[in-house]
Amino acid sequence: MQNLELKDFSSVTPEQISLPATAGPIDRGLAEVTEHSSPLPSHVRKKGIISTNLLKWIAKRTLSSILGLFVISMLVFVATQALPSDPARVILGPEASEEATQILRHQLGLDQSLVTQYLHWIKPALVGDFGISIDSKMPVVNLIAGKVKNTLILLGLTLLVLIPAAFTIGIYLALHKDALLDRLAISFLIFVKAVPSFAIAYGLVMLLSTLVFNIFPAVSLIQANQSVWSQLQFMVLPMLTLVLSSLPYLVRLIRGSLIEVLQSDFIISAHLRGLSRTQIIWKYAIPNAVIPAIQAIALISSVLLGGALVVEVVFAYPGIGSALNAAVDIRDIPVIQAVVVFLASGVMVINLLADVVTVLLTPKLRTA
Amino acid sequence: MHAIKQFFYSNNSQINVGLLLTSLILLLAILGPWLAPYAAQEMVDARYSLPQAGIALGTDYLGQDVFSRVLHGGISIVWMSIASALLGLVLGVVLGLVAGFFKGRVDQVIIWTADIFLAFPHLILVLLVVSMLGRDKWLIAITVAIAFVPGVIRLTRGLALSISKHEYIEVAEMMGYPHHQILLREILPNILTPLLIHLGTMLSWSVALLSGLSFLGYGVAPPEADWGLMVNENKGGLQIQPFSILVPILLIALFALGTNLLAEGFGRKFSRINESTEVSEHA
């Protein structure tokens, strides 16, 4: 169970990623390849294969995520509360009297030891109580719950468009490898990948809502009291920006891994056995190219959580990103803490799920 | 047609275009302040004036000359992105090699910490620190570098592990070379190419990160000229005077694209060389 270094795709270009997935069918040999027809490898369907080892690994992985979350909460706490800048002074401004600062410092509990402060903060936070917003005097949870929902809707819509689009384009390009269209598409994807997301956002605004065409509203004027679903026209540009900024990575990964699978021994022997091309591609090649994409989708989801920050600010979309931006602007520390901890937990949960799914789908990792 | 085809099929054209774009932006950023017709904070006309004689790109939200501010505003993002990418690489490689050198507990702790930091989106981490500690340019560059370190640690360690399985490393171990010498003399030089390619990738990341930070209003502080900041300052005039946004965005995009093409081009070139040497070894 040591072979778990799966999720570091951040520093590697899609073409360089090794594919644990392809090892499965090759190992199991040709006989089994021609036997099983389900995209889920046969071992998952077999009884009693999900071993205690595997359960142990999942438990260990979960525990390490929870531990990591605690470390993150400490980091966030230290960064916001204990760094040289005095929060009370920051909140009141340089003109405030020493007395007023002292009183606020006491109210914020800043005169206690760091450990006490942390415990005072983390205990209620564990049940979702992140204190009172300094700016609006409302409980932080009430303040950000609606914004979290808006962001999740935006990200959900993005994934809904992104994943089918990426698979369609990636598979098409892999099957037409080195055609001129493939090369042009790759160049376009490199361009989109390089350009920062706020630049893409303004490019889209100029193209679709102001200078060239005037189809979509440039700013999200979403009414808080109405459902977002009735105001979909405001979602189009933020969603499109997020899709464009994450499309290159996913498309190139799917294209790269499918090309690699298509060149592997078990596909070649399937050809030699006389299986039809369509059958080989859809039954054997694509299911085996999907597994690296699961890790990539997890990575993209966490990138999107960060990317939402910029995109929401550009389009004034009332989500968690613009809430964080506003909170940082006025040093609303409880809100900053809650949002950052929420984002980090989101990333951790996504990574955990992706690792578990990958291990379940990859025989070599599952049984080792 | 043939020429076009050739262009899109060759790795060298990626490197060439990348080199061209990057050096153009570097030249513009370095020579810009000398070429600018006005000072960065000089008022030349009414707010958001359209381009006319003497003010080639119009004016911005205060009435400053956009063309001059574009020429003045490149140097900050250029040096900050190069500094943070270099610093991130050095810190990450050192920590990665330390992890590989001590192995065991030290290795586990370093990797575990790196993994935790990887859960933070870069921008959020940088935003958090910068908003609490202030907008000093060196501080921003160092924070961006630190955000890159976990990725470099993982890459270094992964590369070092794969190299350490080669026979010449085993031979060096059997000959009784000290561990640190093997790391520095045998392993480091052999993982340098992928690390330098990663430097290019980090460079394009830091261009995006730093300009995004400026755009959000937490990077370079006004009234200084900076491309990302210009987009933030002039976003209200998008419909009246689009040049004040379009030009800085275009320059940021070209710089990011240039650095990215360099990383891609060299990455592909060297992975192809590696493949061919491997094949010839087996043959």
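First the proteins, then the strands, lettered A, B, ... as listed; each starts at 1.
Taking CG of B:Leu216 as the reference point, atom CG of A:Asp329 lies at 10.0 Å (rounded to 0.5 Å). One distance of note links CE of A:Met206 with CD1 of B:Ile245; it measures 5.5 Å at 0.5 Å rounding. Atom CG of B:Leu123 is separated from atom CG of A:Leu305 by 12.5 Å, given to the nearest 0.5 angstrom. To the nearest 0.5 Å, atom CG of residue A:Leu309 and atom CG of residue B:Leu127 are 6.0 Å apart.
Contacts between B:Ile111 and chain A at a heavy-atom distance below 4.5 Å are absent for every atom of the residue. Contacts of A:Val71 with chain B are made by side-chain atoms alone, with heavy-atom separations under 4.5 Å and no backbone atom involved. Heavy atoms closer than 4.5 Å to chain B are found nowhere in A:Leu69, neither backbone nor side chain. Contact of A:Leu75 with chain B is made through the side chain alone, with heavy-atom distances under 4.5 Å. Contact of B:Phe117 with chain A is made through the side chain alone, with heavy-atom distances under 4.5 Å. No part of B:Phe255 comes within reach of chain A, as not one of its non-hydrogen atoms sits under 4.5 angstrom from that chain. Contact annotation for B:Ser211: both backbone and side-chain heavy atoms come within less than 4.5 Å of a heavy atom of chain A. Proximity to chain B is limited to the side chain of A:Ile336, based on heavy atoms less than 4.5 angstrom apart.
When every heavy atom of B:Ile116 is checked against every heavy atom of A:Gly68, the shortest pair comes out as CD1-CA, 3.7 Å. Residue A:Ala194 comes nearest to B:Leu257 through the heavy atom pair CB-CA, 3.5 Å, listed as atom of the first residue, atom of the second, then distance. Nearest heavy-atom pair across B:Trp112 and A:Ser64 is NE1-OG, 4.1 Å.
Applying the 6.0 Å contact sphere to CZ of B:Phe243 captures no more than 12 heavy atoms from other residues, nucleotides or ligands.
At a threshold of 4.5 Å between non-hydrogen side-chain atoms, the residues B:Asn260 and A:Phe191 do not count as touching.
Options B:Ala208, B:Ala263, B:Gly258 differ in how many heavy-atom pairs under 4.5 Å they form with chain A, and the most are formed by B:Ala208. Between chain B and the residues A:Leu324, A:Ile190, A:Val195, A:Asp182, the largest count of heavy-atom pairs under 4.5 Å involves A:Ile190.
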Side chain to side chain contact (heavy atoms under 4.5 Å, CB included) between B:Leu246 and A:Tyr202, worked out: CA-CA 8 Å; B:Leu246 195 60; A:Tyr202 274 106; over 6 Å; no
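Using the six-membered ring where Trp is involved, B:Phe215 and A:Phe198 have ring planes that are parallel, under 30° apart on the 30 and 60° scheme.
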